[in-house]
Amino acid sequence: MNRRQKKRFLPLSLLLFVLAFGGGIFWQYWHYTRAPLGAQGGPSPEDQFEIIEYQIQAGETLAQIAQRFSVSLELLVASNELFLEDLKELEPGKTLRLFKNGVLHRVKAGQTLTDIAKTYGVSLQEIITVNNLDARKYIYPGEELLIPSASEAPAWRRFQLAGGRSAFLSWPLHGPLTSGFGPRRHPITGERHFHEGIDLEVPEGTEVYAARSGRVLFAGQRGGYGLSVVLQHDHGYRTIYAHLSEIFVYRGQFIEGGQRLALSGNTGNSTGPHLHFEILHYGKPLNPLALLPPL
Ligand SMILES: [Zn+2]
């Protein structure tokens with residue numbers, strides 16, 4: 001190799017080196033980020049994130065099925081959106097869907113991944129990883145997502161708050177009714193007025209849940225209502241939760257029925273700790289007792 005050849009060889013070999021080495025790093029990076037979950041050891045992804053379809057056998061109870069697959073009853077109900085009616089008539093042959101490590105969630109129209117992550121108290125990245133959504137731009141209504149290690153299961157909460165019934169609205173919490181809907185003497189001013197909701201007496205700090213899925217229209221301080229949340233539901237319905245002490249949701253957020261919204265309190269025009277709950281239909285207040293499932 002003479003001097004001239006050397007001059008030409010050096011840049012060429014440098015280029016080759018960069019290509020080979022850089023390419024190797026890139027390949028490793030690509031391979032690593034594309035590698036399926038669990039490929040680095042531990043339980044295989046098939047075991048961890050498997051959806052089991054199970055046909056109920058004659059004479060079998062939900063509790064038995066839950067035990068057989070070591071799934072909590074809570075997750076079983078939440079993943080299948082079961083109601084008490086379903087529980088009573090657990091027909092042999094009916095198929096249940098099970099996800100051992102969390103909840104199966106069906107996406108609703110207008111619901112974002114961020115909403116879903118907040119609903120279940122799970123990180124957004126975890127939902128993306130487990131459901132292989134990295135390369136996706138959209139999620140679709142009706143689509144089923146695995147929610148691993150969900151700390152909350154609103155469908156189960158809704159089940160409890162609706163007394164297991166498939167009601168249009170579930171109770172925001174359970175507590176004694178201290179004031180009904182209709183004309184009354186105002187507890188503070190003493191004047192006659194129309195009570196547009198119901199009052200449920202509960203100690204300050206009691207958890208308040210959404211009566212139905214919907215979007216947060218308002219969350220904050222609002223005159224006599226004090227700290228309050230307004231949810232917009234489908235079919236022109238709104239629900240109001242007033243005199244709260246703490247709010248966990250924000251305007252625009254999509255909420256599931258049974259999702260924790262706030263803690264009850266005694267803010268605004270309130271004579272003692274309670275939840276004021278209101279249902280509006282196209283702006284007109286309705287008697288909540290006529291719409292809520294019987295206790
Ligand atoms: Zn009230």
Side-chain angles (χ1 to χ4, degrees), residues 152 154 157-165 167-295:
E152 276 292 320
R157 192 75 68 178
R158 192 182 62 214
F159 176 90
Q160 291 177 307
L161 290 165
R165 291 171 181 84
F168 182 74
L169 293 154
S170 55
W171 288 82
L173 51 75
H174 285 154
L177 181 82
T178 48
S179 184
F181 176 87
R184 68 165 183 185
R185 243 178 233 295
H186 195 279
I188 290 177
T189 61
E191 286 167 24
R192 285 199 71 78
H193 86 129
F194 197 91
H195 189 219
E196 300 191 331
I198 54 170
D199 293 343
L200 301 166
E201 196 181 285
V202 281
E204 198 163 329
T206 305
E207 297 191 317
V208 180
Y209 301 97
R212 185 176 175 79
S213 67
R215 205 172 279 285
V216 179
L217 200 64
F218 177 85
Q221 200 71 43
R222 189 179 173 224
Y225 282 89
L227 215 51
S228 51
V229 172
V230 182
L231 295 185
Q232 177 70 56
H233 309 285
D234 49 0
H235 307 295
Y237 283 90
R238 276 181 194 175
T239 49
I240 303 176
Y241 312 77
H243 312 307
L244 306 167
S245 62
E246 199 179 340
I247 297 177
F248 304 120
V249 296
Y250 52 86
R251 188 185 149 89
Q253 188 182 347
F254 188 98
I255 302 292
E256 283 289 340
Q259 183 169 339
R260 193 176 72 138
L261 296 175
L263 297 181
S264 72
N266 192 22
T267 56
N269 292 341
S270 175
T271 49
H274 75 284
L275 175 76
H276 170 90
F277 176 66
E278 227 172 280
I279 302 173
L280 302 175
H281 188 230
Y282 292 110
K284 184 177 170 270
L286 300 178
N287 186 355
L289 296 183
L291 291 153
L292 291 168
L295 281 173

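Side chains included, hydrogens not; waters and symmetry mates left out as well; all remaining heavy atoms used. In each ligand, atom 1 is the first atom listed, and ligand 1 is the first ligand listed.
- Seen from the ring of Tyr237, Arg212 does not count as a face-on cation partner, given the 6.0 Å and 45° thresholds.
- Within Asp199, OD1 is the N, O or S atom that lies nearest to the Zn ion (ligand 1).
- The N, O or S atom of His276 lying closest to the Zn ion (ligand 1) is ND1.
- Residues Ile255 and Arg215 form no side-chain contact, since every pair of their non-hydrogen atoms from C-beta on lies 4.5 Å or further apart.
- Between Pro294 and Arg165 there is a side-chain heavy-atom pair separated by less than 4.5 Å.
- No side-chain heavy atom of Leu200 sits under 4.5 Å from any side-chain heavy atom of Ser264.
- None of the N, O or S atoms belonging to His243 lies under 2.8 Å away from the Zn ion (ligand 1).
- Among the backbone and side-chain atoms of His195, an N/O/S atom is found under 2.8 Å from the Zn ion (ligand 1).
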